[in-house]
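By convention in this document, chain letters (A, B, ...) are assigned in the order of the sequence lines, proteins followed by strands, and residues within each chain are numbered from 1.
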Number of protein chains: 2
Amino acid sequence: MKFQRHNAIRELVGHSLVSNQDELRRKLRRRGFEVTQATLSRDIHELRLSKGPGGYSLPNGNGIHGAAAAAIDNGPPSVAEMIESFGLRANQAMNQVVVRTAMGGAQPVAAALDREAWPEVVGTVAGDDTVLVICPDPRRAAEVEARLRTILES
Amino acid sequence: MKFQRHNAIRELVGHSLVSNQDELRRKLRRRGFEVTQATLSRDIHELRLSKGPGGYSLPNGNGIHGAAAAAIDNGPPSVAEMIESFGLRANQAMNQVVVRTAMGGAQPVAAALDREAWPEVVGTVAGDDTVLVICPDPRRAAEVEARLRTILES
DNA sequence: AGCGGAGTTGCATAGTTATTCATTTACCGT
DNA sequence: ACGGTAAATGAATAACTATGCAACTCCGCT
């Protein structure tokens, strides 16, 4: 089971020196986990471990396990949430959409848009209360405008 | 000189995303350091950098020594230098080009663009990590995109 | 000048990690 | 039960990083 293996990896990396993935593979095998290097590469990525002079280490100091980890992991705010919180209106202009928000709401909205990386959005620029959304062409801008309006009106 | 190069590496790693040694090599070349990947591997070891999900990072906490960092950068930063330091990617959309940068990199990049006053650029708008470059028409925007990409990939 | 050692680097390549592709497995809704 | 879909994984391999070695430079000494 992947979850158990992840915990074992955290434990090994936190309490002993692990210099490379093959060493990790051997240590895990002693604990009953038999997987290949490819899987460990993916595990390490998912656990966001980093590799430095002293082998692998946990992501910046916090070695939280199990339940505590899950509690913190409340995904980042979605575009829908941000628009619901801050959005005032959205207007298309050529290949752009201008989104007006409450004061100070532009940055969070733009950040959420960037993170979700909609295919119709090339990029965003945010001020204090205005987000400029750049699309490849007017058609895509219209789609974005429509989608944002749907959220605004819901 | 090795010492200067080490400082440049610290600066690049601290202020921009460096995903691998070849990328670091290209960014250093723009600043006048011409070395091979082998040397960078040694430099990284000596600087005790670590590599994680967000590229290379400085050894836990100690940032750049302000004076030393400033000493490297004399003349007004060029667009090429700024793009090398902060640029992530460039995408054209109609008569605009959206430039994504490392967090906080948009303002310096836009300032450099404004100062160099390219004929194909009408103006720029910068947020935290995105610069919107306005061109007179799509053709000119394509030229700007191509030129920025050349820098990014050089 | 000539010698010898320490330091730095590039080249080639060994060592390590990430990714692609195909397969297997588990779970859904019909 | 049966296709359809998504998650997990291994094998092969691409991509990336470290290292042995030779060449070169820079000093300090004779």
Side-chain angles (χ1 to χ4, degrees), chain A residues 1-14 16-60 65-66 69-70 73 75 78 116-117 119, chain B residues 1-14 16-60 68 71-72 84 87-89 102 149 152-154:
Chain A
M1 178 52 143
K2 189 157 88 155
F3 183 72
Q4 261 106 26
R5 190 179 64 240
H6 278 195
N7 276 333
I9 290 171
R10 268 197 272 252
E11 169 100 14
L12 284 169
V13 163
S16 68
L17 176 67
V18 180
S19 299
N20 59 48
Q21 296 178 3
D22 211 55
E23 189 178 323
L24 178 59
R25 186 180 58 75
R26 289 193 296 272
K27 290 189 177 183
L28 281 170
R29 194 174 49 194
R30 284 185 219 120
R31 297 190 168 206
F33 298 99
E34 190 114 13
V35 291
T36 60
Q37 173 267 325
T39 297
L40 294 183
S41 172
R42 291 187 273 251
D43 285 348
I44 283 167
H45 183 81
E46 283 161 27
L47 290 169
R48 310 185 70 74
L49 302 187
S50 62
K51 184 180 183 179
Y56 285 99
S57 57
L58 297 166
N60 222 6
H65 290 57
D73 206 49
S78 68
E116 288 193 9
Chain B
M1 180 50 146
K2 189 157 88 155
F3 183 71
Q4 260 107 28
R5 190 180 63 239
H6 279 195
N7 276 334
I9 290 171
R10 267 196 275 253
E11 162 133 2
L12 285 170
V13 162
S16 69
L17 176 68
V18 180
S19 299
N20 59 48
Q21 296 179 3
D22 211 57
E23 188 177 321
L24 178 58
R25 186 179 60 74
R26 291 194 298 272
K27 290 189 175 183
L28 282 169
R29 192 172 57 190
R30 274 295 170 192
R31 297 192 163 205
F33 298 99
E34 189 115 16
V35 291
T36 61
Q37 173 268 325
T39 297
L40 295 182
S41 173
R42 291 173 187 123
D43 286 348
I44 283 167
H45 184 81
E46 284 161 27
L47 290 169
R48 311 185 70 75
L49 303 186
S50 62
K51 184 181 183 179
Y56 285 99
S57 58
L58 297 165
N60 220 359
I72 303 169
E84 281 296 331
L88 297 180
R89 58 183 182 279
R149 286 202 168 159
L152 284 170
E153 289 158 12
S154 66

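- For the pair Leu28(A) CG and dT9(D) C1', the computed distance is 15 Å after rounding to whole Å.
- Residue contacts for Arg25(B): at a heavy-atom cut-off of 4.0 Å it reaches no nucleic acid atom on any strand shown.
- Within the structure, the salt bridge (charged side-chain N to carboxylate O under 4.0 Å, His left out) test picks out the following pairs touching residues 44-56 of chain B (sequence neighbours left out): Lys2(B)-Glu46(B).
- Rounded to whole Å, atom P of dA7(D) lies 11 Å from atom CD of Glu46(A).
- The separation between Asp43(A) atom CG and dT16(C) atom P is 19 Å, rounded to whole Å.
- Rounded to whole Å, the distance from NE2 on His6(A) to C1' on dA7(D) is 12 Å.
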Without placing hydrogens or testing angles, list every side-chain donor-acceptor pair under 3.5 Å for residues 27-35 of chain A, not counting sequence neighbours.
residue  : atom : partner  : partner atom : Å
Lys27(A) : NZ   : Ser16(A) : OG           : 3.4
Lys27(A) : NZ   : Leu17(A) : O            : 2.9

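- Nucleotide dT16(C) holds its C1' atom 12 Å from the CZ atom of Arg26(A), rounded to whole Å.
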Once base and sugar-phosphate atoms are separated, protein heavy atoms under 4.0 Å mark nucleotides 11-24 of chain D, 5' to 3', with B, S and - as B----SBBBBB---
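- A heavy-atom distance below 4.5 Å is found between the side chains of Glu23(B) and Asn20(B).
- For the pair Leu12(B) and Ile9(B), the minimum side-chain heavy-atom distance is 4.5 Å or more.
- At the heavy-atom level, Glu34(A) lies under 4.0 Å from the strands shown only through sugar-phosphate atoms.
- Using a 4.5 Å cut-off on side-chain heavy atoms (C-beta onward), Arg26(B) and Asp22(B) make contact.
- Under the 4.5 Å side-chain criterion, counting only non-hydrogen atoms from C-beta, Ile44(A) is in contact with Tyr56(A).
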